[in-house]
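What follows is a single structure, written as structure tokens, with notes after it.
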Amino acid sequence: MKKKVNEITPETPNTDISFTKEQDFEFVQLDKSIHDNKFETKPTTYFRDALKRFCKSKSSVVAASILGVLVLMAIFVPIFDQNNASASVQEMRFLPPKWFEDTNGFMDGTGYIEGVVLDPETGLPAVGSGSAVYYEDAIAKNADGEPDITVSTSTISDTLAENALRYASGGYLSMAPLTFDEPAYFRTPVLDTDSGGKSYTVTFGADLDSSTVEEGNFAIYVEVTEGADVTQERITFSESEETGLFTGNVTVPMSEENLSTALAIEVSEGDIWLSSLSIQIDNEEAGYSYLDDDDNIVNGTYGFTSPSQYLLNNVLTSTAIPEAYRWDSTNGNTSIKEAVVTTGSFRYDYYQGVYGEEEGYTFNNVDVDTFVQRGWIEEGFSYTDSLPEGFMGTYLVTDAESELGFKLTEAGETYCPLRDISAITRVSFTSIDNVTYTITTVIGTRSRYRDFYYRGYISDCSHVNFLFGTDNQGRDYFKLIFSGLLTSLELGALASIINIFVGVVWGSISGYFGGYVDLFMERLTEILGGMPWTVLMTLIVLLLGSNFWTFLLAMCLTGWIGTAATTRAQFYRFKGREYVLAARTLGASDGRLIFRHILPNGIGTIITSAALMIPSVIFSEATISYILPNVLSFQGTSFGVSLSNAQSYIYTYPYLIISGSIIMAIVMICFNLFGNGLRDAFNPSLKGGNE
């Protein structure tokens, strides 16, 4: 049993305390070598430690990953995406983005079309010169498989759209002078050339309540030309209570000489609304007759019952009626008022409309011969030998397979744009050098998407989807954006390398030597930095031309100043430290002090500025291209140029600017997060702050 140690109490002095052997302290020298314990952690370096700190920032790691993906896409998308991003394909213009199928308009390549003029006979969208073409097979179908079109009527006013004019009914024709100081004249061509004595009867309908013309400012008369003399036989009108029409007549006086007559309408002030107009000479309608381009007889009258037809034939630059048979307008303005058209609204598949088949398309002989050479058409096909000898004109084909031996091979079923033949046309002409050429073309059904693939516009012989849609020239905007991003990244990387190199050298010299050297160099920097960069860049572009290298030069003239200032501050921070003084005492040269002792300690801040300089250059280029689109015009394209071209369609086709802006926003945000991560990794004491 161990002896209990006496407790120390006021009554018990310290001398009474005793210890057992087990409680005594013994110093023992172990029979082993004395040494430091081995570190449990592995040795590291400055950059490895910085990498560990960087990886702890999840937002910076995610941003770096996204940047890596975008850079890889900028490199490889232009390589592997074979859709043509340089040629203009008008048929593929403004295709919307397509990512999904049948999502009722959300990224599925369809759009809801409203207010399209319909042909009353077919109930389908009307086709007119300059109007959009909507193919029946691309219109969404109802439960019965018919085009699902919501029909309505609308009133048109002040429009000269041909499809509206052609299919409008009712309404009024407004005639008014363009200027207040000169009346408007609307004349027919020559109505009659005779010795006179004929009676002219004019009847017209008008809405006088809606017209703004006052009595005395509107007149209709027969213009009589006799030799060099021109007289006006004005017609006085009276209104019929039964029909509501205004009728008047006048007889041209007899003359021994030949007369030429025309009807003229004069409007001095305001406008007159006419619903109809008829001209009769001796109780017969004043009309015209001519041969059209196909040698068919065309008859018509100079009056009108449809205001839209008047404008269609006489005001528009239409070839429906030769100029010699049209009305002539001097200082006059005509438009339609309150005419009614049938309109429709429907969902339209733009991709089906572009990729479908087209009848009556003309293939030239080079294309047809190429189809034969590629083995898309079976042997035995001949479209030239089948024509009669010496035949010129259009040869109709009722059965191409039996008459011409036209039949597609297995490869042709997949790739050949020519699906069938309906006619063959042969024409000949003599050139300026008196050489006669004969051209034979084939008319048939064209598969548009196969034709696009044949011509190299799309990468696959199928209904290719465009993730970002197509631009105003039918180019793949996805490829265009990443091609531009690659150009912008190259510009940013080159500008950053040059600016960092110049800035580090300049800032190192200025900060290390100080004194008068620093004073002189800083004054030069302030003078150069005081120049407005936009003005400086514009002057350089105007002097040296607009291209990639000119803009790179503009970015490098003042872009290094910020890096120089940062480097200078780091040298002032570190050049007085003890280790620098020790190295100088040991005989280290200025170059060794700068590049081996001072600069490595400030490299973190410099790396951070380098990472943030690339997005700054990209954003500057995009801003200048967007604000001043005529200043920058790279031979290829750039990110800013792509956005600049899309800004004209921001209201009509907003997906162009939206898709490009999203990529721009992602690039800028990721670069900023990436730069912040580098700052925190290389300068932990500055975490959360700004250098």
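Because only heavy atoms are used, hydrogens play no part in the values below, and waters and symmetry mates are left out as well, while side chains stay in. These numbers come from a predicted model, not from an experiment.
Applying side-chain contact (heavy atoms from CB on, under 4.5 Å) to N364 and the options V368, D367, T362 leaves one that passes, D367.
By the 6.0 Å and 45° rule, K98 does not stack over the aromatic ring of F466. A cation-pi arrangement is present between R448 and Y135, with the terminal nitrogen or guanidinium carbon under 6.0 Å from the aromatic centre and inside a 45° cone about the axis.
Using bins of under 30°, 30° to 60° and over 60° for the plane-to-plane angle, the ring pair F363/Y361 lands in the perpendicular bin. The aromatic rings of H463 and Y355 sit tilted relative to each other, their planes meeting at an angle between 30° and 60°. Taking the six-membered ring where tryptophan is involved, the planes of F468 and F478 are perpendicular, since the angle between them exceeds 60° and thus also 30°. The aromatic rings of Y310 and F304 lie tilted to each other, with the angle between the two planes from 30° to 60°.
For CD of E413, the number of neighbouring non-hydrogen atoms (other residues, nucleotides, ligands) closer than 6.0 Å is greater than 12. By the 6.0 Å contact criterion, CG on L291 is enclosed, its count of non-hydrogen atoms from other residues, nucleotides or ligands being greater than 12. Shown here is E233, whose CD atom has more than 12 heavy atoms of other residues, nucleotides or ligands within 6.0 Å.
In this structure a side-chain-to-backbone donor-acceptor pair under 3.5 Å is present from T212 to D271. Remark: side-chain polar atoms of K141 are paired, donor with acceptor, to backbone N or O of D137 under 3.5 angstrom. Remark: the backbone N or O of C416 is paired with a side-chain donor or acceptor of R419 at under 3.5 angstrom. Between the side chain of D349 and the backbone N or O of A138 there is no donor-acceptor pair closer than 3.5 Å. The backbone N or O of L173 sits nowhere less than 3.5 Å from a side-chain atom of W273 that would complete a donor-acceptor pair. S275 contributes no side-chain N or O that, together with a main-chain N or O of Y172, makes up a donor-acceptor pair within less than 3.5 Å. Listed for the T470 side chain is a donor-acceptor partner under 3.5 Å among the backbone atoms of M92.
Residues N299 and S289 have side chains that bring a donor and an acceptor to within less than 3.5 angstrom of each other.
Minimum heavy-atom separation, G332 to A184: CA-CB, 3.7 Å.
For F237 and F204, the ring centers are positioned less than 6.0 Å apart. Checked against the 6.0 Å centroid threshold, Y477 and Y655 do not count as a close aromatic pair. Residues F346 and Y112 place their aromatic rings such that the two centres sit no closer than 6.0 Å. For Y651 and Y649, the distance between ring centers is not under 6.0 angstrom.
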### Task
Quick one: do T261 and Y200 satisfy side chain to side chain donor-acceptor pair (under 3.5 Å)? Show the steps, please.
CA-CA 10 Å; T261 60; Y200 291 75; 2.6 Å; yes
### Query
Would Y288 and I321 satisfy side chain to side chain contact (heavy atoms under 4.5 Å, CB included), going step by step from the backbone distance to the final call?
CA-CA 10 Å; Y288 54 82; I321 299 178; 3.0 Å; yes
### Task
Determine, stepwise, if the pair K198 / V252 fulfils side chain to side chain contact (heavy atoms under 4.5 Å, CB included).
CA-CA 6 Å; K198 292 190 176 181; V252 175; 5.6 Å; no
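The residues K337 and D158 are annotated as salt-bridged, a charged nitrogen and a carboxylate oxygen being separated by less than 4.0 angstrom. Salt bridge annotation for R446-E91: present, with a cationic side-chain nitrogen under 4.0 angstrom from a carboxylate oxygen. Here R187 pairs with E223 in a salt bridge; the nearest charged N to carboxylate O distance falls below 4.0 Å.
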